[in-house]
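For reference, the structure is listed below as structure tokens.
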Number of protein chains: 2
Amino acid sequence: MTSIRPRPATLTDIARKVGVSTATVSYVLNDAPAGRRIPEATRTRVRSVADELGYVPHASARSLRKGTTDLLLHVQADIVQGPLAADFVHGLTQSVRGLGYTLVQYGAERHRGVKAARSWAGMRPAAVIAPRDRLTEAGTDVLRKAGIHVFAVGVAPEESAGTGVSTLNMDHRGLGHTAGRHLVERGYQDIAALVPRTQLLARMGNERLTGLKEVAEDQGAAVRPAEMDWTPDSAADVVAGWLEDGLPDAVFGYNDEFSGLLLGALLDAGVRVPERVALVGADDTMVCRMLRPELTTVRMECQGHDEVARSIVGAVQEDTQVHLSPWSPVLVRRQT
Amino acid sequence: MTSIRPRPATLTDIARKVGVSTATVSYVLNDAPAGRRIPEATRTRVRSVADELGYVPHASARSLRKGTTDLLLHVQADIVQGPLAADFVHGLTQSVRGLGYTLVQYGAERHRGVKAARSWAGMRPAAVIAPRDRLTEAGTDVLRKAGIHVFAVGVAPEESAGTGVSTLNMDHRGLGHTAGRHLVERGYQDIAALVPRTQLLARMGNERLTGLKEVAEDQGAAVRPAEMDWTPDSAADVVAGWLEDGLPDAVFGYNDEFSGLLLGALLDAGVRVPERVALVGADDTMVCRMLRPELTTVRMECQGHDEVARSIVGAVQEDTQVHLSPWSPVLVRRQT
DNA sequence: TTGTATGCGTTATCAC
DNA sequence: GTGATAACGCATACAA
């Protein structure tokens with residue numbers, strides 16, 4: 001049962017029906033300064049016909065003519081987005097829409113480097129916002145050569161110096177500081193830090209670890225990293241290792257989910273939390289409220305999306321580099 | 001510090017540089033669709049220049065000329081995507097890319113109805129894949145009139161009869177069946193089912209409840225629904241209510257996250273799980289492995305993404321309605 | 001006050 | 001075999 005596919009209405013269709021030229025229609029629909037003096041009668045007539053025909057301007061045609069797109073292309077990371085990232089993207093979508101831009105997301109795993117850059121560039125977005133592991137130097141070059149602004153996510157400003165690439169970054173070291181400050185203040189001396197083993201997460205884990213170390217060692221507390229995979233078995237292994245080498249006083253669990261897995265393993269081993277081992281997660285997801293004891297965590301609070309949107313759009317329009325880091329760490333005390 | 005924005009290379013640029021016509025260049029780069037004979041020498045020359053200039057075909061220009069886009073627009077739901085949905089979208093993105101399509105996601109909250117439909121239609125995607133609550137009848141009309149295929153997510157085939165709208169649906173009732181079968185088999189007679197109070201989730205919750213009821217009441221077991229919000233307080237309220245009215249033998253917790261919250265509240269109230277109250281979640285997220293006791297759950301397994309992609313693309317190309325429901329429920333027994 | 005004409009980058013149909 | 005050239009839908013400078 002194949003239905004005929006309707007042909008979308010065009011400016012010409014409207015013009016014909018109203019009995020004016022396409023220029024007039026275009027002027028009316030865009031409230032163009034050039035055609036300021038079009039009688040109200042014509043205007044309403046044009047508008048009503050446009051409505052009746054269900055006219056929707058053809059974004060491709062428009063962008064071809066204008067030479068620019070209103071598209072911001074966000075390339076998703078391979079890892080599943082947590083609520084933090086999801087909220088950020090949704091809020092940003094809303095905010096940039098108010099500024100005349102359309103934020104669109106593209107998520108294909110293992111799609112990176114020059115080949116990926118080419119396919120992104122084909123859409124001629126005003127900007128590409130992509131995680132660091134999707135961007136190679138050559139790939140970035142393709143985008144820059146196509147006049148597309150590039151935002152590298154998870155890259156520190158220093159790293160992108162001289163590349164013409166803007167950055168959008170979370171201060172993982174600062175998060176580590178906050179977690180560390182809390183733990184040393186409570187008197188813990190032997191602190192362990194979980195670090196994910198997988199590539200992308202490992203980088204963030206190490207930055208959080210660094211922040212934790214800076215604070216802890218400054219206060220004479222020792223910090224030992226522990227690599228862990230995103231599995232219950234790996235959590236059990238970590239705990240088993242500690243039972244041999246000696247349990248730490250406290251653990252910074254990288255994020256809530258790794259912490260949750262670890263908590264399970266600790267309880268299985270009969271370790272009392274937080275009496276014997278304290279535990280701090282990160283991200284303040286609902287997971288903290290499900291676990292018993294409830295998880296103490298470090299939340300990353302984002303400044304207003306509108307402000308972030310303005311910074312991004314500004315950088316895109318002027319094609320100037322900016323370095324954004326709109327999140328600040330806040331400790332949320334609970335039971336652990 | 002404003003840098004000059006480079007102008008992307010075009011076919012004409014290549015043609016000029018090589019010394020042939022744009023037609024020749026186009027044929028070479030598209031691998032001569034018509035039976036064109038172009039000497040190998042020219043071909044390699046064209047290709048190398050294209051490469052050197054970093055040429056990327058302009059998707060807008062192409063779609064304007066061809067009259068169709070390779071775009072599939074996925075409109076995200078307001079709720080945060082769980083790993084199940086995220087995996088599905090990522091896999092689908094990959095698969096449709098193999099079929100020459102580009103799946104792109106658009107997530108703006110509270111953007112619905114005709115206004116939203118217009119902005120989606122402006123991109124002239126081959127299809128729009130949107131959750132039911134984003135699609136009004138008028139909005140769907142706008143899309144259909146623009147020749148855009150519409151997939152309604154979370155809509156049963158019966159509901160879309162005669163509307164020309166395809167559906168992509170999860171069999172929540174079947175999920176309820178699986179959970180129910182497990183519980184009655186284990187001999188529970190007084191079963192409670194959590195149902196989220198918020199609009200979008202409430203619908204799914206009720207479908208799951210219906211499935212559970214069908215199985216349970218058939219076996220002489222009673223089912224009582226309990227409304228709950230996505231907060232720890234609400235979970236505590238539910239438990240408090242049960243303590244007054246009598247605890248159920250078993251609970252189907254809607255999904256893992258609601259179940260996790262409820263588990264916390266049950267433990268707080270001194271209720272032993274699973275000895276006094278059994279608990280079944282859904283989605284098989286990592287949350288199940290964090291909680292103690294570990295959560296029994298119903299996983300929704302998706303058939304191959306490639307097959308789903310083929311169905312979608314087929315429906316789009318022929319503009320015929322299809323009704324997809326690619327997930328099947330599987331019970332995962334754990335401690336609860 | 002409104003219409004005509006042009007060009008954006010591509011592809012496809014024609015002549016040569 | 002290859003090169004002009006028209007057309008896709010839209011915006012705008014310019015002509016009327």
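Side-chain atoms are counted along with the backbone in the values below, which use heavy atoms only and exclude waters and symmetry mates.
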Among the nucleotides [options], which one has an atom lying closest to any side-chain atom of [X]?
X        : options                  : answer
Ser26(A) : dT4(C), dT12(D), dC10(D) : dT12(D)
Thr24(B) : dC10(D), dT2(D), dT11(C) : dT2(D)
Ala23(B) : dG9(D), dA4(D), dT10(C)  : dA4(D)
Tyr27(A) : dA13(D), dA12(C), dT4(C) : dA13(D)

| field | Ala309(B) versus Val96(B), closest heavy-atom pair with distance | value | CB-CG1, 3.8 Å
| query | Which atom pair, heavy atoms only, marks the closest approach of Ser160(B) to Val165(B)? | reply | OG-O, 3.1 Å
| field | Position toward the 5' end of DNA chain D (nearest nucleotide), Ala61(B) or Val20(B) | value | Val20(B)
Write down the distance between [atom1] ([X]) and [atom2] ([N]), rounded to a whole number of angstrom.
X         : N       : atom1 : atom2 : answer
Asp70(B)  : dT10(C) : CG    : P     : 15 Å
Arg65(A)  : dA13(D) : CZ    : C1'   : 9 Å
Asn30(B)  : dT10(C) : CG    : P     : 10 Å
Leu64(B)  : dG7(C)  : CG    : P     : 16 Å
Lys66(B)  : dA6(D)  : NZ    : C1'   : 17 Å
Arg124(A) : dG9(C)  : CZ    : P     : 9 Å
Arg7(A)   : dG9(D)  : CZ    : C1'   : 10 Å
Glu40(A)  : dT2(C)  : CD    : P     : 11 Å

| field | Criterion side-chain hydrogen bond (donor to acceptor under 3.5 Å, both in side chains) against Asp78(A), the qualifying member of Arg112(A), Arg134(A), His111(A) | value |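 So, applying the side-chain hydrogen bond (donor to acceptor under 3.5 Å, both in side chains) to Asp78(A) and each of Arg112(A), Arg134(A), His111(A), only Arg134(A) qualifies.
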Close side-chain approach of [X] and [Y], heavy atoms under 4.5 Å:
X         : Y         : result
Pro83(A)  : Asp87(A)  : no
Val49(B)  : Tyr55(B)  : no
Val313(B) : Tyr101(B) : yes
Thr69(B)  : Met123(B) : no
Ile38(B)  : Thr24(B)  : yes

Modelled atom types, side-chain donor and acceptor of [X] and [Y], under 3.5 Å:
X         : Y         : result
Ser60(B)  : Ser63(A)  : yes
Asn169(A) : Ser325(A) : no
His323(B) : Ser166(B) : no

| query | When we call it a touch if two heavy atoms are under 4.0 Å apart, what does Ser63(A) touch: a base, just sugar-phosphate, or nothing? | reply | nothing
| query | When you measure from every atom of DNA chain C, which of residues 44-59 of chain B have a heavy atom less than 4.0 Å away? | reply |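 Within this stretch, Tyr55(B), Val56(B), Pro57(B), His58(B) sit under 4.0 Å of the strand.
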| Using the C1' atoms of five pairs at each end, what's the angle between the two axes of the helix from dT1(C)-dA16(D) to dC16(C)-dG1(D), to 10 degrees? | 60°
| said: Can you pull out the residues from residues 8-15 of chain A that lie within a 4.0 Å heavy-atom distance of DNA chain D? | reply: Thr10(A), Leu11(A)
| said: If the cut-off is 4.0 Å, is Ser60(B) near the phosphate of dC8(C), judged by side-chain N/O to OP1 or OP2? | reply: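 Indeed not, no polar side-chain atom of Ser60(B) lies that close.
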| So how far is it from Leu99(B) CG to Leu72(B) CG, rounded to the nearest 0.5 Å? |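 If I round to the nearest 0.5 Å, the distance is 9.5 Å.
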